[in-house]
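To start, the structure under review is shown below, and the notes come after it.
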Protein chains: 2
Amino acid sequence: MATRADWEQKALSEVAAGGLARLAIPALARSLGVTKGSFYWHFQNLRQLVGSALRRWEEMDRDALDEVHEIADPRRRLIALFRDAMHKRQAHALYVALSAADAAEVRSSLRRINRRRLRFLIEAYRELGFPPKKARDRATLAYAAYVGALHLRYQNSGALRRNDDLDGFVAHSVETLIP
Amino acid sequence: MATRADWEQKALSEVAAGGLARLAIPALARSLGVTKGSFYWHFQNLRQLVGSALRRWEEMDRDALDEVHEIADPRRRLIALFRDAMHKRQAHALYVALSAADAAEVRSSLRRINRRRLRFLIEAYRELGFPPKKARDRATLAYAAYVGALHLRYQNSGALRRNDDLDGFVAHSVETLIP
DNA sequence: ACCTGAACACCGTTCAAGT
DNA sequence: ACCTGAACACCGTTCAAGT
């Protein structure tokens with residue numbers, strides 16, 4: 001017997017490990033010790049499983065942001081965010097793996113996550129004294145750099161895969177993006 | 001009768017439009033007026049088609065870079081690159097669509113493209129007078145911002161989809177990333 | 001040289017039947 | 001309430017046979 005949560009967790013780790021394309025019901029069923037027919041008692045279809053799993057993931061991402069948000073100094077808060085981006089593989093690999101999906105549910109999740117992070121950044125820059133428009137532009141640039149760095153690091157085809165000068169890169173980025 | 005090139009071009013436009021997941025041999029065959037069996041005379045399998053198509057794409061990307069490279073002033077060269085990123089949908093949609101693929105051929109293509117673009121940026125920053133290490137860090141940051149901006153703009157779940165303040169954003173980014 | 005058409009394995013989905 | 005097992009459509013792949 002497998003619960004909804006079981007399916008969702010297995011799905012998340014499959015996607016983080018092998019991408020959305022490798023997600024298959026028979027494999028999940030086998031590793032849960034049931035037949036694939038049982039899947040359809042819990043979910044209407046594969047898309048719905050992905051959608052449900054993503055809600056879990058959104059919560060995790062929100063919690064991570066909230067944790068960083070508790071840092072009072074906006075400078076140090078931003079630095080913590082960039083540093084995390086280069087060091088929490090499992091969490092960010094999911095973002096990267098999902099980012100090219102065309103399923104509507106995945107896109108909605110990504111949209112919500114992107115908006116939340118962007119608001120987080122805008123707020124930090126406002127606290128640093130940026131006027132509204134400039135805070136938004138700088139936050140957007142910083143978030144673009146953040147997203148791009150995630151891709152380059154966790155995509156297996158990028159430039160930031162080695163751990164060598166990662167600290168140097170983060171330091172330089174912080175210096176450039178945060179006055 | 002369909003040539004290799006026919007299959008490759010149809011494949012590229014399919015992927016740019018609907019992502020790698022929507023690429024299917026029967027659909028390609030139908031739109032080329034042949035049966036799917038004929039596909040296997042030209043290619044060993046779907047992966048190989050994708051690999052071949054990507055070589056075409058790499059050429060296009062290289063040509064685009066070369067064109068920008070003809071701009072003598074490194075400042076103006078970098079600005080042109082960022083501006084293009086926000087305005088050449090078709091070309092960049094492919095990069096975004098492919099960036100989460102796990103096929104080995106796709107990853108190799110992306111790696112080559114990423115390296116070429118990064119070298120391009122490093123060279124520009126060196127011409128601007130940056131010392132080697134700093135040129136590399138700044139170029140990496142700029143490329144991360146570039147890649148992230150592509151994703152946010154062409155991914156249907158990002159923050160840069162509207163055309164409103166795109167120019168403002170580009171201007172601010174250029175100002176921040178280029179001294 | 002290039003293609004058809006039938007075949008097979010595999011995955012998503014449905015559903016009647018089991019406990 | 002939760003699952004099995006068989007069925008079906010669909011896609012990737014193979015291959016003998018056609019022109």
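Labels below follow one simple rule: chain letters A, B, ... track the order of the sequence lines, proteins then strands, and each chain is numbered from 1.
With distances taken from any side-chain atom of B:His42 to the nucleotides C:dC3, D:dC11, C:dT13, the minimum falls on C:dC3. If you check C:dG12, D:dA1, D:dG12 against the side chain of A:Ala24, the one that comes closest is C:dG12. Comparing C:dC2, D:dA1, D:dG12 against the side chain of B:Leu46 picks out D:dG12 as the nearest. Among the nucleotides D:dC3, C:dT4, D:dC2, the one closest to the side chain of A:Ser38 is D:dC3.
Backbone-only engagement by B:Leu23 is indicated by non-hydrogen atom pairs under 4.0 Å involving sugar-phosphate atoms exclusively.
Look at CG on B:Asn45: it is 16 Å from C1' on C:dA9, rounded to the nearest Å. Atom CZ of A:Phe39 and atom C1' of D:dC2 are 15 Å apart (whole Å). In this structure, CH2 of B:Trp41 is placed 17 Å from C1' of D:dA16, rounded to the nearest angstrom. Taking atom CZ of residue A:Arg30 and atom C1' of nucleotide C:dC11, one finds them 11 Å apart after rounding to whole Å. Computed from coordinates, the B:Leu32 CG to C:dC2 P distance equals 15 Å when rounded to whole Å. The interatomic distance linking B:Trp7 (CH2) with C:dC2 (C1') rounds to 12 Å, in whole Å. What separates CD of B:Gln44 from P of D:dC15 is a distance of 12 Å, to the nearest Å. The nearest whole Å value for the distance from the CZ atom in B:Phe43 to the P atom in D:dG12 is 14 Å.
C:dA1: Watson-Crick or G-U partner is D:dT19, with both key distances under 3.5 Å. Nucleotide D:dC11 has no partner under the Watson-Crick or G-U criteria, as no pair reaches both atom distances under 3.5 Å.
No side-chain heavy atom of A:Tyr125 sits less than 4.5 Å from a side-chain heavy atom of A:Arg136.
Mapped onto DNA chain C by nearest heavy atom, A:Ile25 and B:Gly33 fall at different nucleotides, with B:Gly33 at the one closer to the 5' end. Heavy-atom nearest nucleotides on DNA chain C were determined for B:Ala2 and for B:Lys36, and the one closer to the 5' end corresponds to B:Ala2.
For D:dT14, the OP1/OP2 oxygens have no side-chain nitrogen or oxygen of B:Tyr40 closer than 4.0 Å.
Judged by distance alone, the side chains of A:Arg4 and A:Ser52 do bring a donor and an acceptor atom under 3.5 Å apart. Side chain to side chain, B:Gln48 and B:His42 fail the donor-acceptor criterion of an N or O pair below 3.5 Å.
In this structure, B:Trp57 and B:Tyr95 have tilted ring planes: the angle between them lies in the 30° to 60° band.
Look at B:Arg112 and B:Glu58 and you find a salt bridge, because one of the NZ, NE, NH1 or NH2 atoms lies within 4.0 Å of a carboxylate O, short of that distance.
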